[in-house]
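For reference, the structure discussed in these notes is given below.
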Amino acid sequence: MSGKVFLIGAGPGDPEYLTLKALRVLRDADVVVFDRLVSPEILAMVPPDVRRIDVGKAPNAHAVPQDRINAILVDLAARGLTVARLKGGDPLVFGRGSEEAAALAEAGIAVDYVPGITAAQGAAAATGIPLTHRGLACGVRYVTGHRARNRPLDLDWQSLADEETTLVVYMGVANIAEIADRLTAHGLPADTPVMAIANATTPREQRLVSQLDRIGADVALGGLEAPVLFIIGRVVSLYRELPDCLPVAAMLAETRVAGHG
Ligand SMILES: C[S@@+](CC[C@H](N)C(=O)[O-])C[C@H]1O[C@@H](n2cnc3c(N)ncnc32)[C@H](O)[C@@H]1O
């Protein structure tokens with residue numbers, strides 16, 4: 001009889017953001033298959049007798065191709081094992097969880113989802129920046145800033161350049177200058193505040209407050225360690241800690257002092 005695969009969200013990094021169900025499944029599993037974004041603090045909670053398989057992908061370099069990951073999951077479950085497939089954040093938010101589920105379903109393997117806190121919500125909790133706020137943002141959109149090699153960023157800029165909606169950009173660090181340019185070209189004010197947050201909710205967290213016409217240059221100065229998330233919109237003006245846009249080096253220094261943990 002074949003086993004089962006649990007597609008589990010590990011949350012943004014802080015192990016206390018793991019759900020009780022995720023923890024139970026991790027403890028009961030025969031094997032944990034995990035991604036690069038799963039924090040070391042969370043991996044430390046996997047019992048030592050549970051086998052671990054690292055299928056982590058470095059940015060722009062798939063350490064293990066997605067097809068191979070699918071095959072690994074099918075193979076383990078076909079051998080009757082209970083598999084905990086552990087992903088950063090939520091498995092169904094830019095997590096390719098649905099692709100893995102489709103491959104498993106095709107092989108006749110049972111799948112269960114365990115949701116996780118997505119990076120946007122982790123970042124909001126870490127900084128106190130609300131994703132919506134009466135009078136500032138009546139909605140929020142999550143988009144990817146990643147583009148396939150040599151392909152243009154394929155986003156609906158006109159609808160994204162909306163002052164009343166918070167924009168959260170995942171996987172955007174390489175293209176943030178272009179994203180900011182496109183948003184301003186489509187009417188978002190150049191002084192719209194932007195928060196870049198790296199490794200949100202972990203002891204390695206870094207924050208950078210900027211604005212649309214400067215974020216590209218600020219990020220290019222370096223210093224932010226992946227993964228990085230951008231919150232763009234008027235809600236960022238509610239961030240309490242930093243006054244108006246210090247130079248980036250000063251911000252990063254201040255962040256280290258004021259950072260998490
Ligand atoms: C492939 S996506 C995975 C998203 C994940 N499934 C989620 O729900 O958060 C990877 C991107 O998520 C964002 N991300 C994930 N964890 C993060 C964290 N702790 N801090 C900042 N950004 C994070 C970054 O934008 C990163 O490039």
Side-chain angles (χ1 to χ4, degrees), residues 9 11-14 16-17 37 39 88-90 93-94 115-145 155 159-173 175-177 179-180 183-184 188-219 221 223-261:
D14 182 340
E16 293 201 326
Y17 289 163
L37 278 179
S39 70
D90 183 88
V93 179
F94 303 124
I117 292 176
T118 191
Q121 289 170 264
T127 58
I129 294 173
L131 298 176
T132 63
H133 185 90
R134 201 149 43 100
L136 289 181
C138 57
V140 56
R141 289 181 75 173
Y142 297 170
V143 297
T144 171
L155 295 170
S159 80
L160 292 177
D162 171 11
E163 279 190 75
E164 295 190 352
T165 301
T166 304
L167 186 60
V168 181
V169 182
Y170 288 70
M171 294 172 277
V173 76
N175 300 317
I176 192 61
I179 292 167
L183 291 170
T184 41
L188 209 55
D191 63 356
T192 301
V194 180
M195 164 70 79
I197 180 161
N199 284 291
T201 81
T202 77
R204 299 167 294 287
E205 184 176 299
Q206 298 168 293
R207 302 169 192 169
L208 165 62
V209 178
S210 183
Q211 60 182 45
L212 217 45
D213 59 355
R214 284 209 297 266
I215 185 67
D218 284 349
V219 168
L221 285 177
L224 291 175
E225 305 270 339
V228 181
L229 188 85
F230 297 91
I231 304 177
I232 301 173
R234 298 189 298 195
V235 288
V236 177
S237 65
L238 298 176
Y239 182 60
R240 43 155 186 77
E241 243 162 22
L242 296 174
D244 288 21
C245 302
L246 300 167
V248 66
M251 280 177 209
L252 290 172
E254 185 156 346
T255 296
R256 279 182 203 108
V257 174
H260 183 269

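All residue numbers refer to positions in the sequence shown, counting from 1. Treat the numbers as computed from the prediction; the structure is a model and nothing was measured.
- Minimum heavy-atom separation, Pro12 to Gly122: CG-CA, 3.9 Å.
- Between atom CZ of residue Phe230 and atom CD1 of residue Ile176 there is a gap of 4.0 Å, rounded to the nearest 0.5 Å.
- Partners of Thr192 by side chain to side chain donor-acceptor pair (under 3.5 Å), not counting sequence neighbours: none found.
- A donor-acceptor contact shorter than 3.5 Å links the side chain of Gln206 to the backbone of Glu225.
- Separation of atoms CD1 (Ile232) and CZ (Arg141) is listed at 12.0 Å; rounding is to 0.5 Å.
- Around the CD atom of Glu163, the shell of radius 6.0 Å holds more than 12 heavy atoms that belong to other residues, nucleotides or ligands.
- Taken from CZ in Arg214 to CG in Leu208, the straight-line distance is 10.0 Å, to the nearest 0.5 Å.
- Judged purely by atom type and a 3.5 angstrom limit, Asp90 has no side-chain atom pairing as donor or acceptor with the backbone of Gly11.
- Note that the CG atom of Leu136 and the CD1 atom of Ile129 stand 11.5 Å from one another [nearest 0.5 Å].
- Residues Thr144 and Phe94 approach most closely at N-CZ, 3.5 Å, considering heavy atoms.
- Across Asn199 and Ala226, no two heavy atoms sit closer than the pair ND2-O, 3.3 Å.
- Summarising the geometry, atom CG belonging to Asp14 is positioned 10.0 Å from atom CD belonging to Glu205; distances are rounded to the nearest 0.5 Å.
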Run the side-chain contact (heavy atoms from CB on, under 4.5 Å) test on Val236 and Val194 for me, step by step, so that the C-alpha distance in whole Å, both residues' side-chain angles and the decisive distance to 0.1 Å come before the verdict.
CA-CA 6 Å; Val236 177; Val194 180; 5.9 Å; no
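- Remark: side-chain polar atoms of Thr165 are not paired, donor with acceptor, to backbone N or O of Asp162 under 3.5 angstrom.
- For Thr201 against Tyr17, the heavy-atom pair with the smallest separation is CG2-CE1, 3.6 Å.
- Between the CG atom in Leu155 and the CD1 atom in Ile179 there is a gap of 7.0 Å [rounded to 0.5 Å].
- Counting heavy atoms from C-beta outward, Leu167 and Leu183 have side chains that approach closer than 4.5 Å.
- Contact record, Ile197 with Ala123: CG2-CB, 3.6 Å, taken as the closest heavy-atom pair.
- Within the structure, side chain to side chain donor-acceptor pair (under 3.5 Å) pairs that include any residue of residues 131-140 do not occur (at least two apart or interchain).
- Put simply, the side chain of Leu224 does not reach to within 4.5 Å of the side chain of Val173, judged on heavy atoms.
- By the side chain to side chain contact (heavy atoms under 4.5 Å, CB included) test, Ala120 pairs with Thr118, Leu131, Tyr142, Val168, Tyr170, Leu229, sequence neighbours left out.
- Counting all heavy atoms, side chain and backbone alike, Ala137 lies closest to Val235 at CB-CG1, 3.8 Å.
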